[in-house]
Amino acid sequence: MSLNQNQFRLLPSVDELLHTSQGMALARTFSHDLVVSALRLSVSQARDAIRAGSPCPSAESLLLAAELHLQQQFQPRLRPLINATGVIINTNLGRAPLSQDALQAVQRIAGGYSNLEYDIDLGVRGSRHTHVGALLRELTGAEAALVTNNNAAAVLLGLSALAAGHEVVISRGQLVEIGGGFRVPDVMRQSGCQLVEVGTTNRTRIADYAAALTDRTAVLLSVHPSNFLITGFTESTSIASLAELAHERGLLVMDDLGSGCLLNCEQYGLSHEPTPQESLAAGADLVCFSGDKLLGGPQAGIILGKAEVVARVARHPLMRAVRIDKMTLAALETTLRHYQLGEAETRIPIWRMISTPAEKVARRAADWAHQLTAQGLAVHTQPGQSTIGGGSLPGETLSTTLLALDAASCSLPLETISQRLRTRHTPIISRISRDTLYLDPRTVLEEQDVEVIAALQAVLA
């Protein structure tokens with residue numbers, strides 16, 4: 001008998017493994033069928049290894065391999081992670097993290113029944129939009145408010161309700177592409193309206209809009225180019241000018257703000273970001289923006305405007321297809337409460353990150369470096385820049401201090417370190433630039449500092 005044949009004879013059967021104490025424990029945790037499938041895979045891989053010249057693994061090793069396979073199979077695909085990239089509103093990493101209060105609100109509402117569409121006072125059917133409508137009106141000065149599942153849906157719904165079968169006039173410089181390859185012209189076409197481009201990429205005047213108006217025009221659309229900059233020889237038309245022209249002709253103005261910032265960005269050393277309050281005050285009939293960008297809440301599309309116009313949008317059949325769910329409403333209401341109470345920069349994570357002084361970030365980075373160098377690890381700090389991200393405030397940065405690992409000082413390649421950090425139970429996402437790996441404390445929640453330090457110690461040891 002060959003050595004290989006002898007090793008095959010030592011290999012336990014799936015049934016033998018299943019009836020061990022560890023196998024029965026696995027079956028109680030997962031299920032009989034799933035454990036059988038995992039054990040078959042484990043035994044099959046062992047046969048392949050024996051054919052390649054390896055000895056037969058022990059029963060304990062086979063059971064452990066099956067258990068690891070089951071754990072990997074049932075690990076959630078959508079997982080929390082630590083954002084050390086320095087990009088505050090990171091679209092790939094879920095955009096804005098919710099406040100602890102918003103998380104608790106979601107848990108309360110998701111765990112049972114709620115008055116989502118029930119008027120408790122009258123004892124009759126109600127509207128889900130009343131839960132945040134009054135808050136949005138108070139915060140922005142809008143006459144009415146409506147909420148959808150995201151801003152692209154808000155724009156699609158608004159154009160479908162107000163301009164289907166009619167012309168919508170927009171500047172060529174505002175025909176933007178948003179994340180995922182979606183383009184404003186495509187959204188406009190899906191709404192059933194006819195796109196009319198005016199002006200040029202860098203200059204569009206009010207006269208360009210006026211010259212394009214016909215008896216089929218319904219809406220003048222403005223789209224804030226929130227994810228890119230056009231500089232130099234430029235000219236654009238204000239919402240106030242568009243509103244004056246539109247209202248003279250009995251038309252409507254719709255303003256897609258994209259990010260939807262409710263605070264004054266200049267107080268944090270950033271450039272001005274148009275606010276819904278300003279757009280409404282300038283005469284826009286309908287304003288749309290996202291809930292999960294500069295608002296700092298859940299993914300949602302917020303529609304504000306004049307009561308009659310918002311009512312037309314609310315009556316459109318598409319409204320039901322893009323309506324907001326109860327958990328998002330709970331998170332959005334709580335996020336808006338932070339603004340109402342004047343606590344946005346202390347309770348909403350993205351505004352806490354934006355408003356944190358550079359000196360405080362530097363102290364955290366220095367503490368990280370001190371703990372790691374005390375373990376003999378080659379790290380240092382250096383000045384850097386955090387970005388806002390998420391298609392908001394393009395080109396704007398905040399001073400930060402980075403934890404840096406130079407390729408020349410590391411025993412492992414930087415790509416290997418990055419890969420090991422992001423494949424941990426709680427992934428840590430860093431960035432590599434010019435032979436240095438960086439972690440930015442500004443985008444790491446303070447309660448995550450201990451895990452970042454422990455992960456670096458484990459990976460670099």
Side-chain angles (χ1 to χ4, degrees), residues 81-100 226-227 229 259 261-273 275 292-296 338-339 342-374 377-406 409 414 418 421 428-453 455-456:
L81 52 73
I82 295 173
N83 173 18
T85 66
V87 181
I88 294 172
I89 306 173
N90 196 313
T91 297
N92 294 341
L93 306 186
R95 288 191 179 166
L98 296 177
S99 72
Q100 289 300 310
S226 56
N227 60 358
L229 289 173
S259 288
C261 183
L262 297 184
L263 299 181
N264 177 10
C265 287
E266 286 118 316
Q267 65 183 310
Y268 306 108
L270 301 168
S271 65
H272 179 71
E273 177 77 3
T275 68
D292 59 344
K293 291 186 178 180
L294 285 173
L295 189 71
H338 290 317
Y339 287 96
E343 59 186 23
E345 68 176 34
T346 58
R347 304 302 287 272
I348 298 176
I350 67 155
W351 284 106
R352 195 162 64 237
M353 294 173 188
I354 290 172
S355 63
T356 298
E359 296 77 13
K360 183 175 181 180
V361 180
R363 287 195 295 271
R364 286 179 67 199
D367 182 58
W368 289 10
H370 174 74
Q371 293 187 58
L372 292 167
T373 53
L377 303 177
V379 301
H380 65 277
T381 63
Q382 71 179 64
Q385 298 294 320
S386 308
T387 59
I388 307 303
S392 306
L393 293 163
E396 292 294 304
T397 60
L398 295 164
S399 295
T400 192
T401 300
L402 306 168
L403 184 77
L405 290 77
D406 294 330
S409 304
L414 296 183
S418 175
L421 287 172
I428 299 174
I429 312 302
S430 58
R431 61 185 174 90
I432 297 174
S433 176
R434 297 181 179 178
D435 294 325
T436 304
L437 183 144
Y438 297 107
L439 295 98
D440 189 341
R442 185 180 290 278
T443 54
V444 176
L445 302 175
E446 290 190 43
E447 57 268 27
Q448 296 171 334
D449 283 7
V450 172
E451 184 152 5
V452 170
I453 296 301
L456 287 167

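- Summarising the geometry of Gly269 relative to Glu396, their closest heavy-atom pair is O-OE1, 4.2 Å, with the distance given to 0.1 Å.
- With contacts defined as side-chain heavy-atom distances shorter than 4.5 Å, the pair Asn264/Thr275 does not qualify.
- Here the side chains of Leu398 and Ile388 are in contact, with some heavy-atom distance below 4.5 Å.
- Atoms CG and CG, from Leu414 and Leu421 in turn, are 10.5 Å apart once rounded to the nearest 0.5 Å.
- Between the Arg364 side chain and the Val444 main chain, a donor and an acceptor come within less than 3.5 Å of each other.
- Here the CG atom belonging to Asn90 is positioned 12.5 Å from the CD1 atom belonging to Ile350, to the nearest 0.5 angstrom.
- In terms of heavy atoms, Ala404 sits closest to Thr436 at CB-CG2, 3.7 Å.
- Residues Ile428 and Leu439 are in side-chain contact: their nearest non-hydrogen atoms beyond the backbone lie under 4.5 Å apart.
- Here Ser99 contributes atom OG and His338 contributes atom NE2; the two are 3.0 Å apart, rounded to the nearest 0.5 Å.
- Taking the side chain as every heavy atom from C-beta outward, Leu93 and Thr85 approach each other to under 4.5 Å.
- Every side chain to side chain contact (heavy atoms under 4.5 Å, CB included) that Asp367 has, sequence neighbours left out, goes to Gln371.
- The distance from atom CG of Leu405 to atom OG of Ser430, rounded to the nearest 0.5 Å, is 8.5 Å.
- Within the structure, salt bridge (charged side-chain N to carboxylate O under 4.0 Å, His left out) contacts touching residues 434-444 (residues at least two apart or in different chains) do not occur.
- A donor-acceptor pair under 3.5 Å is formed between the side chain of Thr356 and the backbone N or O of Arg352.
- Glu451 places no side-chain N or O within 3.5 Å of a backbone atom of Gln448 that could act as its donor or acceptor partner.
- Counting all heavy atoms, side chain and backbone alike, Glu266 lies closest to Ser271 at CG-C, 4.3 Å.
- Distance check, rounded to the nearest 0.5 Å: CD1 of Ile88 to OG1 of Thr387 gives 7.0 Å.
- Under a 3.5 Å cut-off, the side chain of Thr443 and the backbone N or O of Asn83 do form a donor-acceptor pair.
- Side-chain contact between Ile354 and Leu270 is present, with at least one heavy-atom pair separated by less than 4.5 Å.
- Although no hydrogens or angles enter the test, the distance criterion places a donor-acceptor pair under 3.5 Å between the side chain of Tyr339 and the main chain of Leu295.
- With sequence neighbours left out, Asp406 forms a salt bridge (charged side-chain N to carboxylate O under 4.0 Å, His left out) with no residue at all.
- Closest approach of Leu294 to Trp351, counting heavy atoms only: O-NE1, 2.7 Å.
- Nearest heavy-atom pair across Leu445 and Pro349 is CD2-CB, 4.4 Å.
- Taking each heavy atom of Ser399 and Gln385 in turn, the nearest pair found is N-OE1, 3.6 Å.
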Taking it one step at a time, do Leu403 and Leu456 satisfy side chain to side chain contact (heavy atoms under 4.5 Å, CB included)?
CA-CA 11 Å; Leu403 184 77; Leu456 287 167; 3.5 Å; yes
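- Around the NE2 atom of His272, the shell of radius 6.0 Å holds more than 12 heavy atoms that belong to other residues, nucleotides or ligands.
- Side chains of Thr400 and Met353 form no contact here, defined as non-hydrogen atoms less than 4.5 Å apart.
- Note on Lys360 versus Glu446: salt bridge recorded, some NZ/NE/NH1/NH2 to OD/OE distance being below 4.0 Å.
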